[in-house]
Amino acid sequence: MASGNGILVLYAHPAPQRSRANRLLAEAARDVPGVQVRDLYQTYPDFYIDAAHERKLVEASHLLVFMHPIRWYSMPSLLKEWLDVVFDARWAYERNEGALKGKSFWLVASTGSGIEAYRPGGLHGRPFADFLAPFEQTAALCGMRWIAPLILHGASGLDEDKLQAHVALFRERLSNYAASAPTAAD
Ligand SMILES: Cc1cc2nc3c(=O)[nH]c(=O)nc-3n(C[C@H](O)[C@H](O)[C@H](O)COP(=O)(O)O)c2cc1C
């Protein structure tokens, strides 16, 4: 499957009016040339997803970004629905020839709790990396390249300087990925 050369950001925030961190990240992504930010809760308030259209957008991309607050150790429900209907098995991975093969996957997410809560004996009982397994295996099954996730821990109480530094880091990394998009010759 030929690779597209755009970047598709799936922004999923169930309560965007209350978002501090993800709202700024989504705004930063919108400013980067070659990046399309898809606000899923705005686009599909009724959860009725146009899967064929979404697949075309994914096919035109070389990098798929999931951007969202962590909810119950996972992704928000509309993004999960998006995954369920868009990643049709035959299209996504069957016989290792699926449409996603060779594309990259990047999780950009935030948690309310600080990293210290993610440890044995801590509030969340285990390292945060343990909760990444379903994301990582989804990418692996589809033959996608796994990019180390960018996680903002303790997003709720973070001071403004640290938040702005995180947004700047994200913008820089995203711009680099946009600049290294595959060309027709690749
Ligand atoms: C229903 C719900 C579930 C949540 N689950 C988690 C969780 O599993 N782990 C965690 O650290 N924070 C959890 N949070 C906190 C959010 O991740 C946090 O508020 C968000 O990352 C802050 O980003 P924002 O400023 O863009 O809203 C949850 C919040 C809600 C409302």
Side-chain angles (χ1 to χ4, degrees), residues 7-32 35-49 54 57 61 63-87 104-141 146-178:
I7 294 178
L8 183 63
V9 175
L10 295 167
Y11 170 54
H13 201 303
Q17 72 284 2
R18 289 204 292 273
S19 170
R20 187 166 162 247
N22 288 274
R23 186 174 54 77
L24 290 178
L25 292 165
E27 278 170 15
R30 282 192 185 97
D31 287 345
V32 178
V35 175
Q36 179 176 4
V37 178
R38 212 144 164 73
D39 183 336
L40 289 188
Y41 278 89
Q42 188 180 61
T43 309
Y44 297 117
D46 56 2
F47 275 54
Y48 190 76
I49 291 165
E54 296 297 320
L57 297 179
S61 314
L63 170 62
L64 191 59
V65 182
F66 279 15
M67 174 186 284
H68 59 84
I70 294 294
R71 293 225 152 180
W72 284 106
Y73 310 114
S74 186
M75 65 188 83
S77 52
L78 179 56
L79 184 54
K80 182 58 168 56
E81 175 69 6
W82 185 96
L83 194 59
D84 289 355
V85 302
V86 175
F87 277 30
S104 300
F105 177 84
W106 191 26
L107 173 65
V108 176
S110 64
T111 67
S113 296
I115 190 70
E116 70 287 348
Y118 286 94
R119 60 173 173 80
L123 182 65
H124 300 304
R126 52 185 67 236
F128 185 74
D130 284 9
F131 301 106
L132 295 175
F135 293 85
E136 195 166 356
Q137 181 52 29
T138 299
L141 183 68
W146 175 253
I147 295 179
L150 184 65
I151 308 296
L152 179 65
H153 289 293
S156 310
L158 207 63
D159 69 47
E160 189 62 22
D161 287 356
K162 285 191 178 136
L163 179 57
Q164 291 299 343
H166 182 83
V167 173
L169 173 67
F170 165 69
R171 186 188 288 114
E172 187 189 339
R173 285 187 58 183
L174 188 67
S175 301
N176 288 340
Y177 293 138

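For the numbers below, each heavy atom of this structure counts, side chains included, while hydrogens, waters and symmetry mates do not. Atoms within each ligand, like the ligands themselves, are counted from 1 in listed order.
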* Asked: Under a 4.0 Å heavy-atom cut-off, which residues neighbour ligand 1?
  -> His13, Ser19, Arg20, Ala21, Asn22, Pro69, Ile70, Arg71, Trp72, Tyr73, Ser110, Thr111, Gly112, Ser113, Tyr118, Ala155, Ser156

* Establish, yes or no, whether a centroid distance under 6.0 Å links the rings of His124 and Phe131. => no

* Structure fact -> Taking every heavy atom of His68 against every heavy atom of Pro76, the minimum-distance pair comes out as ND1-CD, 3.3 Å

* To do: Taking the six-membered ring for Trp and the full ring for Phe, Tyr or His, determine whether the centres of Tyr11 and Phe66 are under 6.0 Å apart.
  => no

* Nearest heavy-atom neighbours spanning Arg173 and Ala148 -> NH2-O, 3.5 Å

* Asked: How about Tyr177 and Trp106: are their ring centroids closer than 6.0 Å?
  -> yes

* Asked: For Ser74, what residues pass the side-chain contact (heavy atoms from CB on, under 4.5 Å) criterion, not counting sequence neighbours?
  -> none

